[in-house]
Novice: 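First, the structure itself, so that you have it in front of you.
Residue numbering restarts at 1 for every chain, and letters A, B, ... go by the order of the sequence lines.
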Amino acid sequence: MSLERVLPSGKQSEFDIGWLGGCLRDYKLKMQNLFQTMLIGLAVLTSQADVVVVNEITPSKAESAWLEIDWETDLWEARKEAARTDKPIYLWEMDGHPLGCV
Amino acid sequence: MADRLLVFANAEVKKLLKEEFVTVAADDWYQRRRKDKVGEFFAKVVDQSPRKGVHTKQGHYIFTATGKLLGFNNNRGPEKRLAMIKDALSEWDKLPKGVRKVDVPEHGKNDQGFYRELPKGGQIVKVYTRCLEERSGRLQKLADNKIGNLSAVDHLWLQHLEVRQLGNLIVSGGGPISNAVSLRIAKFHLRDNTRGEPRDWKTNEIKEWSLKVDGQGKVSGNFLIGSADGQMGYQGKIEGMILVDKGRLAKFDLLVLGKHWGNSRYTQGARPGKAPMGQVFRLSDGKRASDRIPPQGIRWAPGYWNPAT
């Protein structure tokens, strides 16, 4: 959006133009920064080597298959759900959260 | 590791758990210590199991909403787990419905000493860590069946004010990231958690540290962290991108690459010498319960939120 399109038509007081101009100047700077940031963001973490190693580090689909089970993390909420649906509760209890660590 | 890959990825186990149970996962370090209604209910279940009187309550429990235990197992093989599940379902089917049903009241206040919740307005960043090795000229995950092969998962929590401060820092042209966020990452998240629970780093173990963001949100940093005796450590570089939009994180992407060495008490079996490790930090929308589990390092919450102390 250009600065010209944002400016209101018609006369303004000297104070209004100064204040409004300042706000619009800041807005334009922020939009420019945001656009430049997005471009740099694409450059920083989409170099081929970075993408490859990121994919090596993050869990694969096969490693995440266990997350297809809809794990609750609150025992009391699980208890309420079990009572509501007439189902038993399966609790996976581990030192260090089982859904974190390994 | 075995539970995730062998048991819960097993098609028959997965089907039974999804269709026949309400499944819940919990950190025993908190749960066994809670002095509230949740802790009392858990203790009631545990006292029917082989874990009664034992310090750790780790294991797999099947029980009713009334607290009647139907099965317990701490064996990591899928066959034995499947057998336990089927036996428990058989016991469940024999129970009269009047015994299975209960009106579950609200549990009242949580024991704040052993309950952690993301502060209002806070945001969550997933932290993935994996041991790497160089093969065919590039860094890759370890070959199958080597210990420490899985990608470990943790969460970095950021408070609303901290995110706003990050945004203001970027807009003002950038600079060093605040101590609260910076040291939290260093002490609680730059560590090898691929073979169990790591210990937190102490502030005086951070030998070299820089983490800064520029006016476009580009992040860069480097670090050397290590125990005084030199037996355990981690050294590497950080790069990435942070975007803040209207006071909320829109992006928090970091890539950490370095070399780690040594064991801590619960992370035995490190590779000899200094070996490659990689970490990815990525913003989460927190929609899944598994995204909302607390950071491993927040057991002493004041230390997590104020890591410089």
Novice: Can you tell me which portion of Lys68(B) sits under 4.5 Å from chain A's heavy atoms? Options are side chain, backbone, both or neither.
Specialist: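 Neither part, no heavy atoms under 4.5 Å.
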
Novice: If you tally heavy-atom pairs under 4.5 Å against chain A, which of Phe63(B), Tyr128(B), Tyr30(B), Trp29(B) wins?
Specialist: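 Winner by heavy-atom pair count: Phe63(B).
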
Novice: Between Lys237(B) and Glu239(B), is there a salt bridge with N-O shorter than 4.0 Å?
Specialist: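 The answer is no: the pair does not qualify as a salt bridge.
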
Novice: Which atoms of Thr73(A) are under 4.5 Å from chain B, going by heavy atoms: the side chain, the backbone, both sets, or neither?
Specialist: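 Both parts, backbone and side chain.
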
Novice: What residue, out of Thr66(B), Val38(B), Thr64(B), has the most heavy-atom pairs lying under 4.5 Å from chain A?
Specialist: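 So the answer, after comparing Thr66(B), Val38(B), Thr64(B), is Val38(B).
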
Novice: Identify which part of Arg292(B) has an atom lying under 4.5 Å from any heavy atom of chain A, answering side chain, backbone, both or neither.
Specialist: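 For Arg292(B), no heavy atom lies under 4.5 Å from chain A.
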
Novice: Can you say whether Leu132(B) sits under 4.5 Å from chain A via the side chain, the backbone, both, or neither, judging by heavy atoms?
Specialist: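 Contact with chain A is through the side chain of Leu132(B) alone.
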
Novice: Should we count CG of Asp70(A) as having more than 12 external heavy atoms under 6.0 Å?
Specialist: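 For Asp70(A), atom CG is not crowded (no more than 12 foreign heavy atoms under 6.0 Å).
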
Novice: Identify which part of Ser60(A) has an atom lying under 4.5 Å from any heavy atom of chain B, answering side chain, backbone, both or neither.
Specialist: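 For Ser60(A), heavy atoms of backbone and side chain both lie under 4.5 Å from chain B.
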
Novice: Go through Lys126(B), Gln279(B), Lys57(B) and name the one with the most non-hydrogen pairs under 4.5 angstrom from chain A.
Specialist: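 Heavy-atom pairs under 4.5 Å are most numerous for Gln279(B).
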
Novice: Kindly check if the number of other-residue, nucleotide or ligand heavy atoms within 6.0 Å of CG (Asp103(B)) is above 12?
Specialist: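 12 or below, so no.
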
Novice: Is chain A contacted by the side chain of Leu257(B), its backbone, both, or neither, given a heavy-atom distance below 4.5 Å?
Specialist: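 Side chain only.
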
Novice: Kindly write out the residues that satisfy ring-ring contact (aromatic ring centres under 6.0 Å, His included) with Phe72(B), not counting sequence neighbours, or none if the list is empty.
Specialist: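 Partners of Phe72(B) under the ring-ring contact (aromatic ring centres under 6.0 Å, His included) test: Tyr61(B).
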
Novice: Any ion pair linking Glu91(B) and Lys86(B) (charged N to carboxylate O, less than 4.0 Å)?
Specialist: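 The answer is no: the pair does not qualify as a salt bridge.
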
Novice: Is the positively charged end of Arg79(A) above the ring of Phe41(B), judged by distance under 6.0 angstrom from the centroid and angle within 45° of the axis?
Specialist: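 Yes, Arg79(A) lies over the aromatic ring of Phe41(B).
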
Novice: Relative to chain A, which of Gln31(B), Lys15(B), Gln140(B) shows the most heavy atom pairs under 4.5 Å?
Specialist: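 Looking at each of Gln31(B), Lys15(B), Gln140(B) in turn, Gln31(B) comes out on top.
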
Novice: Out of the candidates Arg191(B), His189(B), Glu197(B), only one should pair with Gln296(B) under the side-chain hydrogen bond (donor to acceptor under 3.5 Å, both in side chains) rule; please name it.
Specialist: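 Of Arg191(B), His189(B), Glu197(B), side-chain hydrogen bond (donor to acceptor under 3.5 Å, both in side chains) with Gln296(B) is met by Glu197(B) alone.
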
Novice: Go through the atoms of Ile62(B) and report whether side chain, backbone, both or neither lie under 4.5 Å from a heavy atom of chain A.
Specialist: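 For Ile62(B), the contact with chain A is made by backbone and side chain together.
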
Novice: Under a 4.0 Å threshold between the charged nitrogen and the carboxylate oxygen, would Arg32(B) count as salt-bridged to Asp95(A)?
Specialist: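 A salt bridge is present here (some side-chain N lies under 4.0 Å from a carboxylate O).
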
